[in-house]
Amino acid sequence: MGLTADLESLGADVATLSRILALQLAATGSPKPTLAANGAPAFPLDRRVQEPRLELIEKATDLLHLATGANDYWYFQAGLYLNYDASIVDVLNQFDFFSKVPLCGSTSYTELSSATALPENLIVRILQYAFTMRIFAPEHGESDRVVHTAFSAHMQRTPALRSWIGHALEEGRPAAVHLAEALKEFHVGKDKPVENLDETPFSLAWPHLKNGNRATFYSIGVDDPKDAWRATRFAEAARETMMSDVEGIENVVEAFHWDGLGNALVVDVGGGDGSLAAMLARKHPKLELKVQDLAGIEDTFKVVRSSDVAGRVSFEAQDFFDAQPRQADVFLLTRVLHNWADTHAVRILRHLANALQPGGRIIICDNAIPGAADANAPPLSVRKGVAGADLHMFTMLNAKERTVEDWERLVQAVDRRLVIAKVHLAPVPGAMKSLIEVKHAYTQHVDGNTAGV
Ligand SMILES: C[S@@+](CC[C@H](N)C(=O)[O-])C[C@H]1O[C@@H](n2cnc3c(N)ncnc32)[C@H](O)[C@@H]1O
C-alpha cells in the first residue's frame, strides 16, 4: 500500500490490471468473471492469472478506501456493515435461501416467504441488504422477483461451503464477539498468549459444561451429544475444502519428492477421512499409507476402504498425544498443527520424532506466513486470508498460524537435533499452504545415542 497513492493513479492501475487479467484469462482458456448466475466461481491456480488478479484486488481495495473516506468508513462500514454483512449471510444460510431460488429462473418474495415461514416484509428487507453485497439480485424489470448472482448460485452448488459458513457464523462468530473480553480476562499483563483450550473467546461464548468447567472447541458434541452434528458439519467442511484451490494442498504436497522414497511407509497423522492419503497412493504406487486419527473418525474413511487404493491405504485409531507405535519413513501432518498452540504442538511432534526411521522426515503442510519484516510479503488478499485464519485459530483454540521463524523455533523446541531441511512455500500466489520438511540431523532417535550424519 502506498500512502501517497492518489485517486487517478489507482484508477489507472485498476484499469491496466483489469485488462491484463482479461488477457491472461483468455490466454489460459478461462472464462471472464461475471456476476450472472452462470459466472465461474473461481480463477485457475495459474501464476499468469493469479499475479494480476491479486494485485488488482489490492489496488481496488485502496481505491475503494479512497472513494469511501475515513468518516463514512467508520460510520457505515465499521458501525453497520461489519455486523450486518455477517448477520445477513448467516440468515441466508440458516434459512437456506440459496436452495430456494432456482439456478435458472426467479422466485417471488411471496414464494420465499412461504418457503421460509418468514413475513414477506422481512424477506424484502433481508434481500435489499443482500443485493448490496451482490448476493442475489432483483429480477430485471420486476421489483418483486429474485434471481441468483454468481455468488449466491455458487452456494447452492457447493454444500461444503454452506457447512463452512454454518461453522464460521454459528460457532466462530459468537466466539469472535468475545475476543476483546477474552483478552481482558486471560491475556492482559501476560508476557505471551495463554495456551489453555478453555481460556479462549470460544470458552466465554459457549455454555459451561455439565461438570461446571468452561467449554473447549473439542468438547462440542462430546459434553452434549445433541451438538454432535456441529462437529460433524465442521469436519465435513474441512474435508471438502481440502482439495480446493484456496488451500492448494494437492499442488504443494507434490512439492516433496515422494518417489525418491522408494517403498516407504507414510503415516498421515490426523489424516481424517484419508482423501489426501488416497491421492498420494494413486500418484505414487510404491507408497504404503496409514491414516491415523481419533477412533470416532473411522466411519468417514469408508470411501477409501472401497476405493482402488484400499490395499495400500489403511486406517488406524491413534491419539497423537500418545506414543507413536509406527516407525515411519514419513509422518505427514496436514492442517493439524495450526490447531494447536506451541506446548501441545511440541508434544505431538516429539512422539513422531521418537518414531522416525533413520533418514526419515516429518512433513508439515500448513500456512507458513512471512514475518512482519519480510520484504516478499504476499499480496493483501493472501495476507488477509492467513491473518483471518490465525485469528480464527486463536479465537477457537488459542492456537495460531506460524511464520517460517515460528516453525523453526517450534521444531527446535521439540529437540535441538531436529532441523527444517526445506520449506516449499505455496507454489502459486493465491494458494495458502506451504510444505515444511523436518528431518533428524542425526541417525538415532531423539531419546537414543546420537551419531552425526
Ligand atoms: C483440521 S483436521 C485436518 C484433517 C486432514 N489432515 C485435512 O487436512 O483435511 C484435524 C484432524 O486432526 C484430528 N485430531 C484432533 N485431535 C486428535 C488427536 N488427539 N489425535 C489424533 N487426531 C486428532 C481431527 O479428528 C481431524 O481429522
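Only heavy atoms go into these numbers, but all of them, side chains included; no hydrogens, no water, no symmetry mates. Indexing begins at 1, ligand by ligand and atom by atom, following the structure's order.
Partner Y218 forms a ring-ring contact (aromatic ring centres under 6.0 Å, His included) with one of F234, F321, W340, F202 and no other, that one being W340. For the side chain to side chain donor-acceptor pair (under 3.5 Å) with K400, the qualifying choice from D342, N339, N367 is D342, the only one to do so. Applying side chain to side chain donor-acceptor pair (under 3.5 Å) to R53 and the options Q50, E51, E55 leaves one that passes, Q50.
Interface atoms of ligand 1 facing N339, defined by a heavy-atom separation under 4.0 Å, are 1 (C), 10 (C). Residue I297 approaches ligand 1 through these ligand atoms, each under 4.0 Å from one of its heavy atoms: 25 (O). In summary, the atoms of ligand 1 found under 4.0 Å from a heavy atom of G272, numbered by their order in the structure, are 27 (O). For ligand 1, the atoms lying closer than 4.0 Å to a non-hydrogen atom of D319 are 18 (C), 19 (N), 20 (N). If you number the atoms of ligand 1 from 1 as listed, the ones under 4.0 Å from a heavy atom of R335 come out as 1 (C), 3 (C), 7 (C), 8 (O), 9 (O).
Side-chain atoms of T395 never come within 3.5 Å of backbone atoms of H392 as a donor-acceptor pair (strictly under, hydrogens ignored). At least one donor-acceptor pair closer than 3.5 Å links the side chain of R162 to the backbone N or O of M155. The backbone N or O of D259 sits nowhere less than 3.5 Å from a side-chain atom of K286 that would complete a donor-acceptor pair.
Within the 4.0 Å heavy-atom criterion, neither part of V269 lies near ligand 1. By the criterion of a heavy-atom distance under 4.0 Å, the side chain of F321, and not its backbone, is placed next to ligand 1.
For ligand 1, none of its N or O atoms has an N or O atom of D268 under 3.5 Å away. Polar contact with ligand 1: present for G270 (N/O pair, distance under 3.5 Å). At least one N or O atom of T334 sits closer than 3.5 Å to an N or O atom of ligand 1.
Look at Q318 and you'll find a heavy atom under 4.0 Å from some atom of ligand 1.
By the neighbour-count criterion of 12 heavy atoms within 6.0 Å, atom CG of D191 is sparsely surrounded, having that number or fewer from other residues, nucleotides or ligands. A 6.0 Å sphere centred on NZ of K192 holds no more than 12 heavy atoms belonging to other residues, nucleotides or ligands.
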